[in-house]
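Every value quoted in this text rests on a predicted model; they were computed, and no experiment measured them.
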Amino acid sequence: MDQRVAEGERSVAAAYDRKVADGEISGDPAQEDVAGRLDELARALAETDQRPGLLRRLVAGAGASGRAPAGLYIWGDVGRGKTMLMDMFYARAPVRRKRRTHFNDFMADIHARIRSVRDGRGNDDSGDPIPKVAAAIGEEARLICFDEFAVTDIADAMILARLFEHLFAQGVTLVATSNVAPDNLYAGGLNRPHIVPFIRLLKAKVEVLHLDAADDYRLHKLEGRKVYFRTDEPGGRGELERLWRGLVGGRNCGPGTVEVGTRKVEVPSICQSLARFGFDDLCTKPLGANDFLALAHRFHTVVVENVPIIEPQQRNEAKRFILLVDVLYDNRVRLVVSAAAEPDDLFHGEGTEAFEFRRTASRLHEMRSASYLRDVEDMPMT
């Protein structure tokens, strides 16, 4: 069991009740119901994990008739506490081999493993690499928890059914959060029939729970909070640090990458669907629209620190910053900024960039407003 689990909070329900008692959240019957179902799953996992090794392996290999506990697929509107509840469950799940990951990161790993298997065959490209990849994943994790299950890539859609058929046959239990019901996964996607077999398999292997909580709890973390900080003012940097700590809530953060085609964009600090960058990380490197779009799809909140006053000779930096703000704004991403001046005074250039930067400044003003923070409920959050 995770060492961070407090004594006396061995169940999700107990941990949830503690948060309510401490005033961190307001109690919600829908969340309480999901907490109870997660505890039931934890008990079922504990029972199967205590079986003798041979019996456990036989059960894991029993395919559709096996007795590996059915997983949970928790879906609902943004900010309803799905990720919070799943993280409570994951920390307490009595399973030695478990993995908690963002769905996009998991699929990036799967595609990398598939390429590795194919590369290892040299010119022999016969056979399906997916069984071998699934076998390796199944050895590593008996419980897989996905945050933000959202299929947007045709390459993912085409392999999901085969991949999870093998994973479920090995006795892997899946817990996932999503903003959409299973039947709406990859809605409107290219060649959508490719994903229909996976949806049927998923619904046979998990219990689908609709978390219809009454409020957007994540919004409260930024609602009424300052999200634009002046680095030239006393306490500005400290205020941003305090906001960041409140957003991540004690969860582990660290560097990572976001794949954009065959390239990777470096992210100095990732915490689930939050990302933190310096201005130089995004605007002095050769990044473009596709890179910023990938970040907007991956993260619901982006922090950009140390935005300087951009001088006339820094046209490339100005263009990238303009493009970055446009993409984040158009995709309704929450933006937290620390900068050397107010938005209207950030660019000292002239010409086309100065004209475009007026739009950027206007958007920066809007993105710090209470109305913008209230209106971004369509973002891909869980």
Side-chain angles (χ1 to χ4, degrees), residues 1-2 5 10-13 15 33-75 82-103 105-107 109-110 113 130-131 133-151 156 159-178 181-182 185 197-211 382:
M1 187 172 293
D2 195 310
V5 175
R10 302 295 183 180
S11 70
V12 178
D33 289 344
V34 172
R37 281 297 295 116
L38 289 165
D39 282 333
E40 290 176 15
L41 176 56
R43 289 191 289 271
L45 287 166
E47 291 174 3
T48 55
D49 207 46
Q50 291 168 3
R51 291 170 176 160
L54 176 59
L55 177 59
R56 188 167 62 249
R57 287 194 296 273
L58 289 173
V59 168
S65 63
R67 292 295 180 267
L72 294 173
Y73 182 100
I74 306 165
W75 73 277
K82 300 184 294 294
T83 296
M84 173 189 71
L85 290 165
M86 187 181 73
D87 284 345
M88 290 178 181
F89 164 77
Y90 182 80
R92 293 159 180 80
V95 179
R96 289 182 291 275
R97 293 181 291 115
K98 57 184 177 179
R99 179 176 180 180
R100 188 254 189 255
T101 181
H102 190 282
F103 177 71
D105 293 341
F106 177 82
M107 292 309 301
D109 178 39
I110 293 298
R113 292 180 188 234
I130 288 180
V133 170
I137 295 290
E139 283 295 317
E140 295 166 7
R142 179 174 161 247
L143 168 68
I144 297 178
C145 292
F146 282 145
D147 192 21
E148 299 190 11
F149 201 118
V151 184
D156 294 346
I159 68 171
L160 279 171
R162 286 181 292 141
L163 174 67
F164 277 89
E165 183 178 6
H166 290 285
L167 289 175
F168 288 139
Q170 293 180 79
V172 171
T173 295
L174 172 67
V175 175
T177 69
S178 180
L185 286 169
F198 168 70
I199 293 173
R200 287 198 295 262
L201 176 66
L202 178 67
K203 290 164 69 176
K205 290 294 183 179
V206 303
E207 178 184 356
V208 178
L209 301 177
H210 183 199
L211 179 52
T382 58

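Atom-to-atom distance recorded for M88:CE and L38:CG is 10.0 Å, nearest 0.5 angstrom. Distance check: M86 CE to L211 CG gives 12.5 Å after rounding to the nearest 0.5 Å. Note that the CZ atom of R97 and the CD1 atom of I144 stand 10.0 Å from one another [nearest 0.5 Å]. Rounded to the nearest 0.5 Å, atoms CZ (F106) and CG (L163) are 5.5 Å apart. Between the CG atom of L72 and the CG atom of L85 there is a distance of 11.0 Å, given to the nearest 0.5 Å. One distance of note links CG of L202 with CG of L160; it measures 9.5 Å at 0.5 Å rounding.
Counting all heavy atoms, side chain and backbone alike, I74 lies closest to K82 at O-CD, 3.6 Å. Taking each heavy atom of Y90 and C145 in turn, the nearest pair found is CD1-SG, 3.7 Å. Smallest separation of non-hydrogen atoms from A70 and L41: O-CD1, 3.4 Å. Between L185 and S178, the shortest heavy-atom contact is CD2-OG, 4.4 Å. Across A46 and P94, no two heavy atoms sit closer than the pair CB-CG, 3.6 Å.
Two residues are said to be in side-chain contact when any heavy atoms from C-beta on lie closer than 4.5 Å; F89 and L45 meet this criterion. A heavy-atom distance below 4.5 Å is found between the side chains of I137 and R113. Considering only heavy atoms from C-beta on, F103 comes within 4.5 Å of V151 through its side chain. For the pair D87/R100, a side-chain contact is recorded, criterion being any heavy-atom separation below 4.5 Å from C-beta on. Proximity of V172 to F164: side-chain heavy atoms (C-beta onward) are nowhere separated by under 4.5 Å.
The backbone N or O of A93 sits less than 3.5 Å from a side-chain atom of K98, completing a donor-acceptor pair. The backbone N or O of T83 lies less than 3.5 Å from no partner atom in the side chain of T177, so there is not a single donor-acceptor pair. With D156 contributing its side chain and M107 its backbone, the two residues share no donor-acceptor pair below 3.5 Å. Under a 3.5 Å cut-off, the side chain of Q170 and the backbone N or O of A134 do form a donor-acceptor pair.
Note on ring orientation: taking the six-membered ring where Trp is involved, the planes of F149 and F146 are perpendicular (angle over 60°, cut-offs 30° and 60°). Under the 30°/60° scheme for interplanar angles, the aromatic rings of H210 and W75 are found to lie parallel.
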side-chain contact (heavy atoms from CB on, under 4.5 Å) between L174 and L167: does it pass, once the steps are laid out?
-> CA-CA 9 Å; L174 172 67; L167 289 175; over 6 Å; no
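Between R37 and E40, at least one side-chain nitrogen of the basic residue sits less than 4.0 Å from a carboxylate oxygen of the acidic one, meeting the salt-bridge criterion.
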